[in-house]
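Remarks on the structure that follows.
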There are 4 protein chains.
Amino acid sequence: MDVSGIFPALTTPYGEGGAVAIDYFKANLARYDQTGIAGFVVLGSTGESVLLSSTEAEALLIAAKEAAKPGKRLIAGTGAESTAETIARTKRAASIGFDVALVKTPFYYKPAYKPEVYLRHYRAVADASPIPVLLYSVPIFTGVSLETPDVLELAQHPNIIGIKDSSGVIQRVVEVVGQAPKRFQVLTGGASVVYPALAAGARGAILALGSALPERCVEIFDHFKRGQHAEAQALQQRLALASKTIVSENGIAGVKYAMDLRGYHGGMPRLPLLGLADEKKRQIADVVAQFEPSKATA
Amino acid sequence: MDVSGIFPALTTPYGEGGAVAIDYFKANLARYDQTGIAGFVVLGSTGESVLLSSTEAEALLIAAKEAAKPGKRLIAGTGAESTAETIARTKRAASIGFDVALVKTPFYYKPAYKPEVYLRHYRAVADASPIPVLLYSVPIFTGVSLETPDVLELAQHPNIIGIKDSSGVIQRVVEVVGQAPKRFQVLTGGASVVYPALAAGARGAILALGSALPERCVEIFDHFKRGQHAEAQALQQRLALASKTIVSENGIAGVKYAMDLRGYHGGMPRLPLLGLADEKKRQIADVVAQFEPSKATA
Amino acid sequence: MDVSGIFPALTTPYGEGGAVAIDYFKANLARYDQTGIAGFVVLGSTGESVLLSSTEAEALLIAAKEAAKPGKRLIAGTGAESTAETIARTKRAASIGFDVALVKTPFYYKPAYKPEVYLRHYRAVADASPIPVLLYSVPIFTGVSLETPDVLELAQHPNIIGIKDSSGVIQRVVEVVGQAPKRFQVLTGGASVVYPALAAGARGAILALGSALPERCVEIFDHFKRGQHAEAQALQQRLALASKTIVSENGIAGVKYAMDLRGYHGGMPRLPLLGLADEKKRQIADVVAQFEPSKATA
Amino acid sequence: MDVSGIFPALTTPYGEGGAVAIDYFKANLARYDQTGIAGFVVLGSTGESVLLSSTEAEALLIAAKEAAKPGKRLIAGTGAESTAETIARTKRAASIGFDVALVKTPFYYKPAYKPEVYLRHYRAVADASPIPVLLYSVPIFTGVSLETPDVLELAQHPNIIGIKDSSGVIQRVVEVVGQAPKRFQVLTGGASVVYPALAAGARGAILALGSALPERCVEIFDHFKRGQHAEAQALQQRLALASKTIVSENGIAGVKYAMDLRGYHGGMPRLPLLGLADEKKRQIADVVAQFEPSKATA
């Protein structure tokens, strides 16, 4: 199961009254299908998965399966705090037709979550899962991190095919790529370090920024593949600025607003997440505008 | 609504096959009812609330309402990541007959959770809640903290009656008690600092240790009330050691094992939480044994 | 060697051109001598010790010895990064006539400073020191902390008589007081938690705030000694607010400005520390004014 | 002033009795002179600068100036906590003949060190310095970090030519290189991320590992310069493992022991730093042995 390339971390659009808007969601996918992305990640952190009911979550998975162009990899976020619930969600995603389960670390009982806990949890999930599993470490949200020795241990499991590491710690990419089996694939979650991560041996990226600027995220991947160092470095600097303004400073509300500006269905996030102040909107508009001219030719 | 005194943070017992064991849960309450505790906290962090389905959670609330002796305060953990879901859970707890809602901070989208987000979230919940609201700040699990200025702001809301602060930061107790309206009640979540917290102006405590050693937790509160400084200080030192071994080092599994030793229905936690190694069990048994002789007379 | 009671952490005044002003320093001591403080701490963090030359440091020790009233305990900050340098400074302080050496943790090579390093360092210093040693843990500046097991281990050394713990972590006070030999004395460094720390078993405090408001810091200690709980709690709340504005938010510059307002020689700190903006000065003046009326009667 | 390339962060050897061994130090330099390194860093963190007297520090600068081959850049660590002392050390290094001053952040009074403090400090130093200044951010030791906006602000100063960023945060390299003037040079301090940092736009590295394995550190730089991506990536993985065992896990003692194994004068660090357990020595020996065969041909 090859998960190389660029994947947008999809957002969840809402309609009037705040219900999940499946039609908007499908419309977004139809447009992404026209870009060079490798596939889709549904129910990730950017998808507000922790703010959705299980019914809403399932509807989004079904919609993605229906809308995605054949050949695009379908990755479902299925991690829950409980091992049993994680397995249940993973099986459901598989039955709907998803290719890969992205399983974030349990994280609530941090002091109890010694490495042994993660090893047992992920092995239980990977044993039970009908589809390959991607580990998911996202310390900015969870406050916990999968460290290199744990990742290397889990990389031995035949049904664990890689990790999405959103820590931005490039040293871990170097260490894991250097020591894990060759089939184990590292994806970065940081749009500011895609090129350094690829240089370190990552196979691709799952990016919130990919929901707003998919063409440009694909472009940096292509520069790397072609050995265009100067172009990759220059584009990386621009994407870092865009990611800072859109994602780091404004979160999901920022990503959604940038999507609105680019003609996708972004909209507002769900409470307690708030919308953006006008000044923030202007800053995001400035950033998006810098990419528009070349987007036309992308 | 007076929430002074000592509240055990109740655990959730499981039966054969891992289902929630409502009968065990009720049996535990019946025994706690014989102690001097002020009431019960159901679905807190110690109750493995993040590992339960909504059906299981509701069954526990109903059981607690049925089992608790009249006059014991009933506090339900109702915090969810989404504001709407938190309100829904709070209304359900109220309709079941709970007295107070304990609402932990949303915490997943940490970088987006500026003070304004917490103010809006808690005000929306408190506005909608039929019962009084207790703020709940538990950084060891959530990685976020309600700071003094935010607490003081929220203390102005007529339906927010206090805070359970599990940070162990006594400075915050001093600051909040000193500046909030007199009706605003601070409860500590740290068994190692109950007496210093009371000295600082806290009204009581919600304690995981209270599920294993309720009599002793009540005893330190009584020492304080009677101005028995030397006794309170000495018992605090002993409780700190007990809390370290049972709670800090072994988490929910430790609390449940200590409960087993004392004749309650403790049992195993749910995965990914693991049971205890034999050495850990011995350490807990040693600690519990130190309290048994005097327990007999408590 | 009894170090109970309240000690101001002395500041270092500068004259025209920025040289240390020994006469101002002595004048401050002469006034402190009229209060109920137990003694003086020279060359602590508040004394800008890390910004002084060894010549300046020695001059301050000599001046304090000359100025202090007999019976006041003299405590010298002698901790350096190197063990040999710490011993040299400690011997020099002893030869000048100081009673106690306050030895902060080395802290630069954090990843290498395992507990074993601290045990060896402190034992080497305590073995070589002609005067008793107080451990000094001040994580807000050093980024490292002496944890309970290390403190308990070091408390066995006959020449280590206690610890100044500036972490504000009251749980550690409870643990150390409960388990260390009775002769081992815990002093807190946090003006916001003096009363809770005393309730937990601390013997006193070394306070930056004590340089500006020594009478009030002594007063809370006296309330505690007399069992005046309500008065202690109320004064603690006021001191917490004062400490926040003067010390936490404005650091040494804040302490010095508050001293200026109270007629001591405060003045400016040394660069890179900066002076205060006018608004900050006004806030400090407001706080100090709240204590003035009762200061007159103190 | 070009500071691109690889610089070893030199260690300080001691002789019998613990005095600095200038002859050993010079002998090390003579050997490094035969490699492809760009120059030397004296009195950095790896040089135990915080454990040396000012007399010892000056002797090391003089010795380095005498021993270094013409054309090798000479960089002196001159950062002290006080602005005045930093300027004095910088001027002394310049007068001895050093090319560049490496000025680490003051870090003791962390809560007071707002960005404004760092801007004023560095501008004062750069204004007064006869030689160009390199900023130095090393959070693992100092607990503080120069953030991108501060670096960009300081990059405008004509006498500040770059930064050594030892944080390992590659995102900051991308941001600074992308926005600072072209003349501003970023050097990484992390041997585990040299190649990703170069890919992100860094000009070189100052490495503790460079004192033990200078040829290999130079080799990865050369691979990058020649566009040999696969070779650079593969060597990076090996250097990351070496750096983990030698530097991250064993600190200065580890670097010095690896130097001993390679025929340099390493020796023991100064107390409170401790020597290595035998098992650690074996692990380091294993790592060094893996590089020996190719070292012969380097």
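What's counted below: heavy atoms across the whole structure, side chains too, no hydrogens, waters or symmetry copies.
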Exercise. State whether the number of non-hydrogen atoms from other residues, nucleotides or ligands found under 6.0 Å of C:K244 atom NZ is greater than 12.
Key: no

Quiz item: Where do B:I170 and C:I170 come nearest, in terms of heavy atoms and distance?
Solution: CG1-CG1, 3.6 Å

Quiz item: Where on C:Q171 is there a heavy atom nearer than 4.5 Å to chain B: the side chain, the backbone, both, or neither?
Solution: both

Quiz item: Do side-chain atoms of C:Q237 reach the backbone of B:Q179 as a donor and acceptor pair under 3.5 angstrom?
Solution: no

Quiz item: Which value, rounded to the nearest 0.5 Å, describes the distance between C:H229 atom NE2 and B:H229 atom NE2?
Solution: 11.5 Å

Quiz item: For B:A240, does its backbone N or O pair with a side-chain atom of C:E175 as donor and acceptor, under 3.5 Å?
Solution: no

Quiz item: Considering only heavy atoms from C-beta outward, does the side chain of C:S192 approach that of B:V174 to under 4.5 Å?
Solution: no

Practice problem: Select one option (side chain, backbone, both, neither) describing which atoms of C:L241 are under 4.5 Å from chain B's heavy atoms. | Solution: side chain

Quiz item: Of the listed residues (C:A232, C:A199, C:G178, C:G190), which shares the most heavy-atom pairs with chain B below a 4.5 Å separation?
Solution: C:A199

Quiz prompt | Contact origin within C:V177 toward chain B - heavy atom pairs under 4.5 Å | solution = both

Self-check item: Distance-minimising heavy-atom pair for C:P196 and B:A200
Solution: CG-CB, 4.0 Å

Quiz item: Between C:L198 and chain B, which part of the residue has a heavy atom less than 4.5 Å away: side chain, backbone, both or neither?
Solution: backbone

